[in-house]
Q: 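Can you keep this structure in mind? I'll have questions shortly.
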Amino acid sequence: YPTWKRTLTRRAREAQMKRFCKAQAIQRRLEEIEVTFRELEQQGIKLEKLLRDEHGNPADQKTQWMNQLLYLVQKKNSLMSEESDLMIVVQELKLEEQQWQLDQKLRCYMNMEESLKTPEDCAAEQEILVQLLEVVNKRNVLIHIQEEKRLSEL
């Protein structure tokens, strides 16, 4: 087994493990965001009830509650933005994994001797190339979405 093949295999496993760890970290963060959403929702409900209560609360107290409510809304919006960014990264990781799998299949066909390939093998190779191109185009779309979002935030 040539050294370069072992190196490629090891690097592929490392990349796969890196994607897996990144996906786990994203999943944990999404769960944290969900918990924070619920907490913000509860705080918002309490503040709304206080604001709706007309029993002689001073105006400066109502202003303070209103400011707290606006802060909660801003925090919720920033969490929603982070959540959408994470969902894009999740899609990107899925596409990376799909691209890696297609690449591995394609390498098998490309390593075959041309004279030994059947018409079915040639058709399968072409189909894999088409699928690989689709995955690359989808990743490109995600990159454009991220870039547009970044520019709109600036």
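None of these values were measured; they are calculated from a predicted model.
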Q: In this structure, are over 12 heavy atoms from other groups packed under 6.0 Å from R11 atom CZ?
A: no
Q: What heavy-atom pair brings W65 and L50 nearest, and what distance separates the two atoms?
A: CZ3-O, 3.5 Å
Q: Going through the checks in order, is the side-chain contact (heavy atoms from CB on, under 4.5 Å) test met by K94 and V90?
A: CA-CA 6 Å; K94 285 179 183 177; V90 166; 4.0 Å; yes
Q: With rounding to the nearest 0.5 angstrom, report the CD1 to NZ distance, I145 to K149.
A: 10.5 Å
Q: Answer yes if L86 and L95 sit in the same cluster of Ile, Leu, Val, Met, Phe, Trp and Tyr residues linked by side chain heavy atoms under 4.5 Å apart, and no otherwise.
A: no
Q: Sequence neighbours excluded, which residues qualify as salt bridge (charged side-chain N to carboxylate O under 4.0 Å, His left out) partners of E83?
A: none
Q: Please list, chain by chain and in numerical order, all residues satisfying salt bridge (charged side-chain N to carboxylate O under 4.0 Å, His left out) with E153, sequence neighbours excluded.
A: none
Q: Sub-3.5 Å donor-acceptor pair from the side chain of S81 to the main-chain atoms of N77, do we have one?
A: no
Q: Give the cluster check for L72 versus M80: same hydrophobic cluster or not, with ILVMFWY residues linked at side-chain heavy-atom distances below 4.5 Å.
A: yes
Q: Looking at side-chain heavy atoms only, is the closest gap between Q43 and K46 below 4.5 Å?
A: no
Q: After noting the C-alpha distance and the side-chain angles of E32 and R29, does the key distance pass the side-chain contact (heavy atoms from CB on, under 4.5 Å) rule?
A: CA-CA 5 Å; E32 290 170 3; R29 182 61 187 142; 3.1 Å; yes
Q: In chain order, what residues pass the salt bridge (charged side-chain N to carboxylate O under 4.0 Å, His left out) check against E48, with sequence neighbours excluded?
A: R52
Q: Do L40 and L69 land in one hydrophobic cluster if side-chain heavy atoms of ILVMFWY residues count as linked below 4.5 Å?
A: yes
Q: Starting from L102, can I reach M110 by hopping between I/L/V/M/F/W/Y residues whose side chains sit under 4.5 Å apart?
A: yes
Q: To the nearest 0.5 Å, what is the distance between CD (E92) and CD1 (I88)?
A: 9.0 Å
Q: Decide whether L93 and M87 are clustered together by the hydrophobic rule: side chain heavy atoms of Ile, Leu, Val, Met, Phe, Trp, Tyr closer than 4.5 Å, transitively.
A: yes
Q: Output the distance between atom CE (M66) and atom CG (L51), rounded to the nearest 0.5 Å.
A: 6.0 Å
Q: Measure the OH-CD distance between Y109 and E114 for me, rounded to the nearest 0.5 Å.
A: 13.0 Å
Q: How many angstroms lie between CG in L79 and OG in S84, if you round to the nearest 0.5 Å?
A: 11.0 Å
Q: Quick check: does any side chain N or O of K117 sit under 3.5 Å from a backbone N or O of M112, one acting as donor and the other as acceptor?
A: no
Q: For the residue pair D121 and T118, confirm or rule out a side-chain donor-acceptor distance under 3.5 Å.
A: yes
Q: Which atom pairs, donor and acceptor, lie under 3.5 Å between side-chain atoms of residues 13-25 and protein residues at least two apart or in another chain?
A:
from: Q16; atom 1: NE2; to: E97; atom 2: OE2; distance (Å): 3.2
from: R19; atom 1: NE; to: E97; atom 2: OE1; distance (Å): 3.0
from: R19; atom 1: NH2; to: E97; atom 2: OE1; distance (Å): 2.9

Q: Please table the atom pairs, donor to acceptor, closer than 3.5 Å between any side-chain atom in residues 129-143 and protein atoms at least two apart or in another chain.
A:
from: Q131; atom 1: NE2; to: E127; atom 2: OE2; distance (Å): 3.4
from: N137; atom 1: ND2; to: L133; atom 2: O; distance (Å): 3.3
from: R139; atom 1: NH1; to: Q99; atom 2: OE1; distance (Å): 2.5

Q: Holding to salt bridge (charged side-chain N to carboxylate O under 4.0 Å, His left out), I want the full list of residues that pass it with K76, two or more places apart in sequence or in another chain.
A: E41
Q: Report the distance from atom CG of L8 to atom NZ of K5, rounding to the nearest 0.5 Å.
A: 9.5 Å
Q: State, to 0.1 Å, how close P58 and D60 come at their nearest heavy-atom pair, and which atoms those are.
A: CB-OD1, 3.1 Å
